[in-house]
Peer 1: 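First the structure, which I've put down as structure tokens, then a few questions once you've had a look.
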Number of protein chains: 2
Amino acid sequence: MSTAKASRTGSGESGASGSSYHHGNLREALIAEGLALAAEGGLEAVSIREVARRVGVSPAAPFRHFPDKVALMTAVAEEAMARFQVEIAAALARETSDDPIRRIRAIGKAFLDWARRNPTHFEIISSRRAIDFAGSASLGADNARIQAQMVSLLEEAGRRGLLRVDDPQLIQITGRALVYGLARMLIDGQFSSWGVAEDEAEDVMERSLDLFLAGLLKHPVTEERS
Amino acid sequence: MSTAKASRTGSGESGASGSSYHHGNLREALIAEGLALAAEGGLEAVSIREVARRVGVSPAAPFRHFPDKVALMTAVAEEAMARFQVEIAAALARETSDDPIRRIRAIGKAFLDWARRNPTHFEIISSRRAIDFAGSASLGADNARIQAQMVSLLEEAGRRGLLRVDDPQLIQITGRALVYGLARMLIDGQFSSWGVAEDEAEDVMERSLDLFLAGLLKHPVTEERS
DNA sequence: ACCGAATGTAATCGTTGATTACATCCTGAG
DNA sequence: CTCAGGATGTAATCAACGATTACATTCGGT
């Protein structure tokens, strides 16, 4: 809305150096709107023009902050990844047990929950077409952190003699592929093609994760789910 | 659906001679070119105009055979799926053992091999955005056939007392998610972000599959990969 | 108070998907 | 053989997109 465009200057935050002149800070507004637009209508609903339209600037304005669409989408992906990291950290904090398997499970479940609640954020992080993964330091660092956490937990599990196979890298990649595949199947609506109703999906995904983790254990716990 | 158009092109020869009326059979040519175009430059490289340009017709000509782009892409997906089915059948034929686990493994490996060699064909089959899965009878039927094969094999494995968990549906979905995730990770170039070189990918994927399958077994065979 | 630089705008280009009115060609009834 | 009618392809056009360029505005240090 807001036909009067220049009226939003500054009144909120950033009073110190007066960082807002024309729009406030267009860059962050574009990223936020891109994220929202992606969440609403999917990845291909995000266009430079539509984002600009919503923020209330001209179609060319975003190009002052991003050289092309890929750069904008990459920034959006960085924001999405940052939120995902917060989610992972929170899940790990909630899981008070020091059993590495339980902590791994917590990470996997957090991944699945996050992907289910933020399908397009997950999608944009995964897409190597829409974003420039290699050109973003933060995306690589965030990725490496998750990988390191997983491998560390798996090594601990190996040290405790819990695992049937002692290959943290392989287990980590396999687990990643599993949750990645589950998330994508959910998002792509493939569960309905495979005989899983929408409201069963969450439960199925969790049981899939448990099925995989149980298969890793040397001494499966035969724990009955209530 | 119009089966009439293809029938009238029975002769099919007469190639370059102008005797053919307009094009011969544009519909099939468009699908073939769409498949080729996807294989060359990825899914986004497929556009109605480009396909028409390659076939040598006007940009509007394809719309005589497909109401919109989704319909064309769906037809391309059907063709890709048909080829994939052939691959699966061939792999099952090659696997002479009647051990259900080995046959399941053969299906999984065929899936991975096919996705690795035809990344975009895999992608277009998976994409629920570019294609109209629900509107295609053959896609649903092909999907159901694979699912039925897998469940049948898993039931047989259960009958033989091989499995630790007797839930064919869950195992099937988990396995599907795993190979789906592996294939997508490879295509998206994520392996390189996770410490797996390009030429190691095939081996890693196969070992992931084996890791998962071994976890299903009640009496895991002692590691003996040649 | 001013001038340079950062920021946003307007106009424009080439491409895409899609629609419409029109032209062409085959088929088959008479 | 002819000619109506339907199937097939074309030309012209539209709106939306990403992207580039030249220009205008506003900030902010000196």
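In what follows, every chain begins at residue 1, and chains take the letters A, B, ... in the order their sequences are listed. All values below come from the heavy atoms of this structure, side chains included, with hydrogens, waters and symmetry mates left out.
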Peer 1: Roughly how many Å is it from NE2 in B:His65 to C1' in D:dA7, rounded to a whole number?
Peer 2: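 B:His65 atom NE2 is separated from D:dA7 atom C1' by 9 Å.
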
Peer 1: Quickly work out the A:Arg27 CZ to C:dG8 C1' distance and round it to whole Å.
Peer 2: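 Result: 16 Å.
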
Peer 1: A:Ala137: what forms a side-chain contact (heavy atoms from CB on, under 4.5 Å) with it, not counting sequence neighbours?
Peer 2: none

Peer 1: Send over the distance from B:Asn25 CG to D:dA7 P, rounded to a whole Å.
Peer 2: 17 Å

Peer 1: With a 4.0 Å cut-off, would you call A:Arg207 and A:Asp210 a salt bridge?
Peer 2: no

Peer 1: Specify the separation, in whole Å, of atom CZ of A:Arg64 and atom P of D:dT21.
Peer 2: 11 Å

Peer 1: Compile the donor-acceptor pairs under 3.5 Å between side chains in residues 168-188 of chain B and protein atoms, sequence neighbours left out, one pair per line.
Peer 2:
residue: B:Thr174; atom: OG1; partner: A:Ser208; partner atom: OG; Å: 2.7
residue: B:Thr174; atom: OG1; partner: B:Leu170; partner atom: O; Å: 2.7
residue: B:Arg176; atom: NH2; partner: A:Gln190; partner atom: OE1; Å: 2.9
residue: B:Tyr180; atom: OH; partner: A:Asp188; partner atom: OD2; Å: 2.8
residue: B:Tyr180; atom: OH; partner: A:Gln190; partner atom: NE2; Å: 3.1
residue: B:Asp188; atom: OD2; partner: A:Tyr180; partner atom: OH; Å: 2.8

Peer 1: Look at the side chain of B:Ala60 and decide which nucleotide, out of D:dT20, D:dA12, C:dG8, has an atom nearest to it.
Peer 2: D:dA12

Peer 1: Send over the distance from B:Leu43 CG to C:dG17 P, rounded to a whole Å.
Peer 2: 13 Å

Peer 1: Main chain of A:Ala45, side chain of A:Glu50: is a donor-acceptor contact present, judged purely on distance under 3.5 Å?
Peer 2: no

Peer 1: Check whether more than 12 heavy atoms from other residues, nucleotides or ligands sit under 6.0 Å from atom CD of A:Glu198, and answer yes or no.
Peer 2: no

Peer 1: Report the residue (B:Pro59 or A:Pro59) whose heavy-atom-nearest nucleotide on DNA chain D is the more 5′ of the two.
Peer 2: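 Result of the comparison: B:Pro59.
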
Peer 1: Rounded to whole angstroms, how far apart are CD on B:Glu28 and P on D:dT8?
Peer 2: 13 Å

Peer 1: Set out, line by line, the N/O atom pairs under 3.5 Å between protein and nucleotides 14-18 of chain D.
Peer 2:
residue: D:dC17; atom: OP2; partner: A:Arg53; partner atom: NH2; Å: 2.8
residue: D:dG18; atom: OP1; partner: A:Ile48; partner atom: N; Å: 3.1
residue: D:dG18; atom: OP1; partner: A:Lys69; partner atom: NZ; Å: 3.4
residue: D:dG18; atom: OP2; partner: A:Ile48; partner atom: N; Å: 3.0
residue: D:dG18; atom: OP2; partner: A:Arg49; partner atom: N; Å: 3.2
residue: D:dG18; atom: N7; partner: A:Arg49; partner atom: NH1; Å: 3.0
residue: D:dG18; atom: O6; partner: A:Arg49; partner atom: NH1; Å: 3.4

Peer 1: Taking B:Lys109 as the fixed residue, which of B:Glu95, B:Glu206, B:Glu87 is the one that meets the salt bridge (Lys or Arg N to Asp or Glu O under 4.0 Å) rule?
Peer 2: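 Among the candidates, only B:Glu206 passes.
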
